[in-house]
Amino acid sequence: MKVVRNAIAATSFAMFMSPMIASAQNQAEMITPIKEPLTFVFVPKVIHPWYDVVAEGANFAVEELAKRGVQVEVIWDQPPQADVVDQNQRIEANIGRKPDGLAVACLDQATNVQLLKEAVDAGVNVVTFNSFCDDAFPFIGPKSSVEDGYDLGVYLSEQLGGKGKIAVLSGSLTATDHVQRIQGFKEALSKYPDMEIVFEQPDDDILEKAVELTESVLSAHPDLDGIFASNASNPIGAARAVQNAGKAGKVKIVGMDDLPEAVDFVCSGVIDALKAQRQWDMGYWAVIYMAAMNENHTYPMFHNTGSRLLTKEDCK
């Protein structure tokens, strides 16, 4: 998988750099050659294996840039839990350090936007990724996550023949991507009048909490038919609890992302479907675009990395 990603990234990098190099040749006076090492800071929502893949993409971009003489250091400043105050304190502290680039996965749109505008005013190059924040900043990832939730809602409804009792693990209530996935999921279920949501609780992107919530709903609703998990942690938490309860295959699970344990649960039939984002690409392009900012190159304000549906068919 990593080899394929690296090959794709190398091709993408060449395609991306070619017009930039041409632009540099035609308008050399507008380009700022990078002579000093650059420092880019990533502030995600939380310490989480999902962001380890983002880091892989970022590191590959660092290696590519080094080949053309641009030295980049990437620093990760991660809140241990999905806590809005903690994340904002980290963003604010890094604004004061004046890095050459600041990449943020927004946890709370309202408060994050104000801080990121302050960062731009202070001369910090800002990009956002993973969870959309505001059109004022370049964004890498799916700007809307409604479609992911909708697709999973349709898939689950069809698996259950259009009827059943459903539980929703809602992630972080302030994260726009989590909120939008639930919105899309509910829109899909609205087309199936015999589908009923009997439980909806936030797990705050904490795997252990997702296990506990799933155990609780299985106890309260022994006739539960399905679970929608809105982030990368809760499909795993739901699957562990369902498997431990001896209900694997009886309670259908759909959710987000392709962490290794979640994929294993798909292949073993405990999870029915995942919608996986391309987080490696997010890390890669975040570094490339922050480097472009420092060289006064052009860069897009929106790079949609998309997502894909994973089912047991993909395990063959």
Side-chain angles (χ1 to χ4, degrees), residues 39-55 58 73-145 149 168-183 200-213 229-237 256-257 259 277 279 282-283 286 290:
T39 300
F40 298 156
V41 178
F42 280 72
V43 183
K45 301 175 194 172
V46 64
I47 293 175
H48 197 286
W50 192 90
Y51 291 107
D52 293 345
V53 184
V54 179
E73 178 187 11
V74 170
I75 297 172
W76 285 79
D77 192 358
Q78 300 164 277
Q81 295 183 342
D83 182 276
V84 173
V85 173
D86 188 353
Q87 190 197 41
N88 282 335
Q89 288 174 343
R90 292 168 190 270
I91 294 171
E92 192 168 20
N94 282 294
I95 293 172
R97 296 185 181 105
K98 295 277 186 80
D100 300 292
L102 179 63
V104 175
C106 290
L107 177 60
D108 180 56
Q109 193 173 28
T111 57
N112 290 156
V113 167
Q114 182 58 41
L115 279 174
L116 295 182
K117 286 182 177 178
E118 292 177 12
V120 173
D121 291 342
V124 177
N125 295 308
V126 172
V127 300
T128 56
F129 69 101
N130 174 207
S131 183
F132 179 68
C133 208
D134 191 276
D135 283 321
F137 319 106
F139 176 69
I140 306 157
K143 186 175 286 189
S144 173
S145 294
V168 174
L169 300 178
S170 52
S172 300
L173 297 179
T174 58
T176 55
D177 49 346
H178 299 180
V179 172
Q180 289 174 352
R181 289 166 192 158
I182 295 166
Q183 176 188 340
E200 182 176 350
Q201 289 291 329
D203 55 272
D204 300 317
D205 218 344
I206 300 172
L207 193 154
E208 292 77 13
K209 189 172 181 179
V211 173
E212 294 172 1
L213 288 173
S230 66
N231 59 43
S233 293
N234 50 29
I236 298 172
M256 289 300 302
D257 295 311
L259 293 182
Q277 301 180 79
Q279 63 265 42
M282 295 179 195
M290 286 188 286

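This chain uses plain numbering: 1 for the first residue, then up along the sequence.
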Exercise: identify the closest heavy-atom pair between [X] and [Y]:
X      : Y      : value
Ile182 : Ser170 : CD1-CB, 3.2 Å
Pro80  : Val46  : O-CG2, 3.5 Å
Pro142 : Ser145 : O-OG, 4.5 Å
Pro44  : Gln78  : CG-CG, 3.3 Å
Cys133 : Asn112 : SG-CB, 3.8 Å
Val127 : Ala286 : CG2-CB, 4.2 Å

Is it true that a side-chain atom of [X] and a backbone atom of [Y] form a donor plus acceptor pair closer than 3.5 Å?
X      : Y      : answer
Ser230 : Arg181 : no
Thr128 : Val104 : no
Asp203 : Gly171 : yes

[atom1]-[atom2] distance between [X] and [Y], expressed to the nearest 0.5 angstrom:
X      : Y      : atom1 : atom2 : result
Phe42  : Met290 : CZ    : CE    : 4.0 Å
Ile140 : Gln279 : CD1   : CD    : 13.5 Å
Asp205 : Asn234 : CG    : CG    : 7.0 Å
Leu116 : Asp134 : CG    : CG    : 9.0 Å
Glu92  : Glu118 : CD    : CD    : 6.5 Å

Q. Can you pull the salt bridge (charged side-chain N to carboxylate O under 4.0 Å, His left out) pairs that have at least one residue in residues 96-107, sequence neighbours excluded?
A.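 Checked against salt bridge (charged side-chain N to carboxylate O under 4.0 Å, His left out) - neighbours excluded - no pair reaches residues 96-107.
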
Q. Trp76 vs Tyr51 aromatic rings, parallel, tilted or perpendicular, using cut-offs 30° and 60°?
A.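 Rings of Trp76 and Tyr51: tilted, 30 to 60°.
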
Checking [X] now: which residues fulfil side chain to side chain contact (heavy atoms under 4.5 Å, CB included) with it, not counting sequence neighbours?
X      : value
Ala119 : Ile95, Leu102, Val124, Val126
Asp52  : Pro49
Ser131 : Lys45, Thr176, Asp177
Val85  : Asp83, Gln89

**Q.** Candidate list Leu213, Val168, Leu173, test side chain to side chain contact (heavy atoms under 4.5 Å, CB included), partner Pro202, passing option
**A.**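 When Leu213, Val168, Leu173 are each tested with Pro202, the side chain to side chain contact (heavy atoms under 4.5 Å, CB included) holds only for Leu173.
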
Q. Would Asp135 and Lys143 count as a side chain to side chain contact (heavy atoms under 4.5 Å, CB included) if you check the C-alpha gap in whole Å, the side-chain angles of each, and the deciding distance to 0.1 Å?
A. CA-CA 10 Å; Asp135 283 321; Lys143 186 175 286 189; 2.9 Å; yes

Q: Run the numbers on Asp86 and Arg90 for salt bridge (charged side-chain N to carboxylate O under 4.0 Å, His left out), then give the verdict.
A: CA-CA 6 Å; Asp86 188 353; Arg90 292 168 190 270; 2.7 Å; yes

Q. Can you check whether Thr111 reaches Gln87 side chain to side chain, under 4.5 Å on heavy atoms?
A.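 The answer is no, as the side chains (C-beta and beyond) never meet within the 4.5 Å cut-off.
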
Q. Heavy-atom distance under 4.5 Å between the side chains of Phe132 and Gln109, does that happen here?
A.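 Yes, side chains in contact.
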
Q | side chain to side chain donor-acceptor pair (under 3.5 Å) partners for Gln81, two or more places apart | A |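 Here no residue qualifies.
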
Q: Decide whether Asn231 and Asp257 meet the rule of one side-chain donor and one side-chain acceptor closer than 3.5 Å.
A: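 Distance-only check fails for Asn231 and Asp257.
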
Q | Residues Asn94, Asp77; criterion side chain to side chain contact (heavy atoms under 4.5 Å, CB included); working and verdict | A | CA-CA 9 Å; Asn94 282 294; Asp77 192 358; 3.0 Å; yes

